[in-house]
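Just so it is clear: chains get the letters A, B, ... in the order the sequence lines come, proteins before strands, and each one is counted from 1. Computed from a predicted structure; not experimentally measured. Computed from heavy atoms alone, side chains included, the values below leave out hydrogens, waters and symmetry copies.
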Amino acid sequence: MKGARENKLQRARDAAEKAAVFGEDLDLGQFIHEAPSHLNMKDLSSLSEPDKKELLTVGVDTDIKERSGSFMQIDHSVVHHDIFQDGLEVMSTSEAREKYDWLEDYYWRAVAVDTDKYTARAELHQEHGYFIRALPGVKTAFPLQACLFTARDGLAQEAHNIVIAEEGSELHIISGCASSHKVKAGLHIGVSEFYVKKGAKLSFTMIHNWAEEFAVRPRSATIVEEDGVFLSNYVCMKPVKTLQMYPTTFLSGANAVARYNTILVAVPGSFMDVGSRVYLKAPGARAEMIARTITTGGDVVNRGHIVGEVADAKGHLECHGLILSEKGLIYAVPELEGRVSGVELSHEAAVGKIAQEEIEYMMSRGMSESDATAAIVRGFLNVDIMGLPAELQREIDKTVNMQGIF
Amino acid sequence: MLKIENLKVSLGDREVLKSVNLEIKPGEAHVLFGPNGSGKTSLLMTLMGFSNYRVTEGTINFKDRDITGMSIDERARLGIGMSFQRPPTIKGLKTRQMVALCSAGKEIRLEEMANRLNFEDFLDRDLNAGFSGGEIKRSELLQLMAQNPDLILLDEPESGVDLESISLIGEVINELLERKPGKDHAASSRERRSKRAKAGLLITHTGYILNYVDADVGHVLYDGVLSCHGNPRETLRCIQDMGYQECMRCMV
């Protein structure tokens, strides 16, 4: 094991300066790397009211009601973790790495440690992140919530998360990332590796609420085994200076399924480059990606890439963009890559403004122009997520409505 | 209730309405005949206030107010409602939500209304997404039931509707226009007629809808000119027998 770890560290050191394929190349030297440690909390009630409010917008309930487990990290300190159901594990990844020798096999298996300077940085400077695991056959009654929070202005936070849904388990996670209302700038590197074992189902809903000057570089990948299902939802409707991510799923087992739903709103000053990629590697694999992007003045690059490597595999990707202001840009890049015959890939992309016809149709029922526009935009962002429990869907709808972009 | 005087309308560079004079009194239902492209839909869209339709001359008065320059939503709130022939799909907006929006805060019995139109199964679908011709008509009427306008503009309410559903559509239109036939009313039909306040303007190609809705006046619109005002059934028979060419002659 020691050799394996050393090998990863060496690869990380070699990639420490490696620019990412997409997104602005950030100078990591501009961020603060030290943060005072934060005290443990029995629950989340001692957080300040403004911070609680920030957390609520990313789906993190500080009362911890209707949750099967809860994890919270502030800056570089894990301040809280708790579980309320047998058969689940929630702890810091550094703690888990100490506890379980076998975990080394999961470290950097889905994501390559030398992908770019950000993954390298996470290995070399990692400060925790969450480890969540559902034991075989265990089904979560309520979603687990995990929160990565920054409180120190200008800090670089590097977290490495590992989620394992063991065979036949069902795990729902809401991961909220936010910064304290006092924070203006900073960097968040979040490496997430998801392992969905045979017949397991994992839904992962990530909601971001950063600050105007914040840089965000999540690096995540998922391996789904036979009959496994991975649902990923990502919502970012708040200002962020630069956000770049391209989460990838490998459907390695027969009949594995992946669905990505992405909701992005770019306000003036925000730059987002967000994609999702799925490799269909086994017969019967199915992938679906749906993205809804809006610009009210910021720039969005929305990528999608499906790679069909075997026959009898299907993938569909859909990116729809709405331009709601004179400034702003939506650049949709849907890519389909079929490597064998017998693979079925399709995509649908549309970028534009709201059709006048739609607004006037709504107005003819008595709505004002702005009410009509708001109703159309709400509809546009209302993505019904197949296979998601109703309460989680409600949670997402609530979040989307709460963000209120008008 | 509605008075149109010497109306001329352009759509882009093209003059689609050249001369339209029309008066509809409270309680009246008028029918508009005319060949494809004669300007029937343009007239309805103009009355509703759609921005593409530019009034170049003439005036539209509704409830004694000049609405010629009024916005669509102001007209709707003043009591004009329209059933569209090809309404746009609004993705993610459920039909149920739209109907609620149409009611503008009034209390409505949404499920009951949908039930009346055999439309309960569509309430949780995206508005107009993949609706067939007949389903669109029922969706439009459901929205109008919630909106409850005083002047109802109906663009070919029977087109694309199967023979079984057409009577249902006809009945609902009669209800909207306060023309529900039947003997279970205390008032005599003459009294009911005199109390009736709702008015309607219907476009029909086939005239089928006249089997269900007793319209009062028929008009023929030909090449942007409204003419041949008369009994709707007689007008329809004349068109069936002689064709629209005859109406041209009648204009001259």
Side-chain angles (χ1 to χ4, degrees), chain A residues 233 235 237 261-265 290-294 318-322 324 348-386 388 390 393-394 396-401 403 405, chain B residues 44-53 70-106 124-129 136 139-153 155:
Chain A
N233 308 302
V235 179
M237 303 171 72
N261 296 289
T262 308
I263 294 173
L264 301 172
V265 176
I290 294 174
R292 297 275 185 269
T293 58
I294 287 182
E318 198 181 299
C319 34
H320 287 194
L322 263 191
L324 294 183
E348 188 187 322
V351 173
K353 61 173 186 172
I354 300 177
Q356 189 63 18
E357 187 198 8
E358 291 178 25
I359 296 176
E360 295 197 342
Y361 176 59
M362 309 277 292
M363 287 170 74
S364 78
R365 304 291 187 227
M367 274 163 264
S368 69
E369 188 170 356
S370 61
D371 286 350
T373 307
I376 293 167
V377 170
R378 268 201 306 277
F380 177 79
L381 293 176
N382 175 17
V383 181
D384 284 330
I385 298 160
M386 273 165 69
L388 203 66
Q393 176 76 54
R394 273 201 297 277
I396 294 175
D397 294 346
K398 205 171 77 190
T399 312
V400 168
N401 285 329
Q403 315 262 338
I405 59 166
Chain B
L44 263 49
M45 297 297 265
T46 305
L47 293 177
M48 197 69 243
F50 275 76
S51 60
N52 287 346
Y53 298 85
M70 227 181 233
S71 70
I72 303 173
D73 53 322
E74 283 176 300
R75 296 180 200 215
R77 287 195 293 271
L78 205 58
I80 303 181
M82 176 163 173
S83 158
F84 294 81
Q85 169 88 286
R86 282 181 205 87
T89 296
I90 314 282
K91 270 202 164 184
L93 182 72
K94 303 297 170 206
T95 304
R96 176 190 301 282
Q97 295 169 314
M98 180 63 163
V99 176
L101 287 168
C102 291
S103 72
K106 294 190 298 279
D124 291 312
R125 285 189 31 189
D126 287 2
L127 185 63
N128 300 328
I136 283 178
S139 159
E140 290 291 298
L141 288 179
L142 180 58
Q143 293 173 53
L144 286 177
M145 281 167 90
Q147 194 182 347
N148 194 23
D150 298 323
L151 172 67
I152 305 173
L153 311 171
D155 194 351

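For B/S103, no part sits under 4.5 Å from any heavy atom of chain A, backbone or side chain. Contacts of A/Y361 with chain B are made by both backbone and side-chain atoms, with heavy-atom separations under 4.5 Å. There is no contact between B/N148 and chain A, counting heavy-atom distances below 4.5 Å.
With rounding to the nearest 0.5 angstrom, the CD atom of B/Q147 is 6.5 Å from the OG atom of A/S364. Interatomic distance, A/S370 OG to B/D73 CG, rounded to the nearest 0.5 Å: 9.0 Å. Note that the CG atom of B/D126 and the CG atom of A/N382 stand 7.5 Å from one another [nearest 0.5 Å]. The CZ atom of A/R378 sits 12.5 Å away from the CD1 atom of B/I90 when rounded to the nearest 0.5 Å.
Using a 4.5 Å heavy-atom threshold, the side chains of B/N52 and A/E360 count as separate.
Scanning residues 77-86 of chain B against chain A with a 4.5 Å non-hydrogen threshold yields B/R77, B/I80, B/M82, B/F84, B/R86, sorted by number.
The residue among A/R292, A/E358, A/H320, A/Q356 with the most heavy atom pairs within less than 4.5 Å of chain B is A/E358. Between chain A and the options B/S71, B/G49, B/P87, B/A104, the largest number of non-hydrogen pairs under 4.5 Å is found for B/P87.
Here the side chain of B/Q143 pairs no donor or acceptor atom with the backbone of A/R365 at under 3.5 angstrom.
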For the pair A/M362 and B/L101, evaluate side-chain contact (heavy atoms from CB on, under 4.5 Å) and give the outcome as yes or no after the intermediate values. CA-CA 9 Å; A/M362 309 277 292; B/L101 287 168; 4.2 Å; yes

